[in-house]
Amino acid sequence: MGENKKTWDEKIKLILNELENKISAENAERSGNQRPRRRRRKKYQTKAEWKRASFRQDIIMQTVMSLAFLLATVALVQGISKVLPDSITVSNTVGGRELPIYCVQTDKPQIALSFDAAWGNEDTADILETLKKHNVKVTFFMTGGWVESYPDDVKAILAEGHDLGNHSENHKNMSQLSDGECEEELMTVHNKVLELTGYEMFLFRPPYGDYDNDVINVAKKCGYYPIQWDVDSLDWKDYGVDSIIKTVTEHKHLGNGSIILCHNGAKFTSEALDTLITTLQEKGYELVPISQLIYKDNYHLDHEGRQIGN
């Protein structure tokens, strides 16, 4: 039973020890334990016998070296598997397409509110006040132009404990840009926020929700998790307060792990926010920032862009 329990690398070690013992014995026979040369000749009567013995020893030595190399390789692989980051199991690829994260599969009744900030700033203070009232943390996706125009608000958002997300530098259709242009759109605003606040952004939402495989791959290359949404408040259509609340709270996709799209600068969003939050909480949902909702590693996506933990 004890032999069966041995790992295969332990068995290799045992084989190595046995072969080493055979080599030692062979050497002893050939050298006569350092006895006079004539004693060795007495052991090997002909030159052919001596060659056969030498060939045998060479074979044993090569076998030992091969097994030693195999054992070292096993140890190396085992060591690497212990230190490589879990990110090697991350995949945004579904059926040959690269997808952003639309929502998250989770048993926790958690959802995330997000605000795209590209134009205007009249309601940012009111939004932050309402969020503070309910002790709710959210995610703001900001363009480079918005960051430049409202640096104090960027700092205030971060100070309140909300996520700062990247919404590109110029709010262009990213799928129409080259890889180099996409990277510039991402990293220009990234560096602005970093210089302004010291915060390293890692969440990216493509403007207009426009993306292709190249956009997703560039975002990942730049250290970003590409983020979409599965519940659109349609606040940007200016249908009114009640429309925003109903659209979100009665949305067919609303559920655990949902990501909700809102905008600051939309006409009725700040006014609808208080009731929107309380209604979602009454439904049993905890509102968390996207950085807390998503998996950072060990995940894949399904065909709907739902992030699933491995």
| So do the side chains of D235 and C262 get within less than 4.5 Å of each other, counting heavy atoms only? | yes

| message | Here's a test for you: under side-chain hydrogen bond (donor to acceptor under 3.5 Å, both in side chains), which of N92, T93, N213 qualifies with E98? | response | T93

| When you look at NZ of K220, are more than 12 heavy atoms from neighbouring residues, nucleotides or ligands closer to it than 6.0 Å? | yes

| query | Would you call F202 and K296 a side-chain contact if the rule is heavy atoms closer than 4.5 Å? | reply | yes

| field | Minimal non-hydrogen separation, I308 against Q105, with atom names | value | CG2-NE2, 3.7 Å

| How about Q281: does its CD atom have over 12 heavy atoms from other parts shown lying under 6.0 Å from it? | yes

| message | On a heavy-atom basis, which atom in V248 and which in L254 lie closest, and how many Å separate them? | response | O-CD2, 3.5 Å

| said: If you count heavy atoms of other groups shown closer than 6.0 angstrom to NZ of K267, is the number above 12? | reply: no

| request: Could you go through the ring-ring contact (aromatic ring centres under 6.0 Å, His included) check for H171 and W146 one step at a time? | output: CA-CA 10 Å; H171 207 271; W146 198 87; over 10 Å; no

| query | Just wondering, are more than 12 heavy atoms of other shown residues or ligands nearer than 6.0 Å to OH in Y239? | reply | no

| CD of E184: more than 12 outside heavy atoms within 6.0 angstrom? | no

| query | Can you check whether L293 reaches I111 side chain to side chain, under 4.5 Å on heavy atoms? | reply | no

| task | Give me the ring orientation class for F115 and F140: parallel if the planes are under 30° apart, tilted from 30 to 60°, perpendicular past 60°. | result | parallel

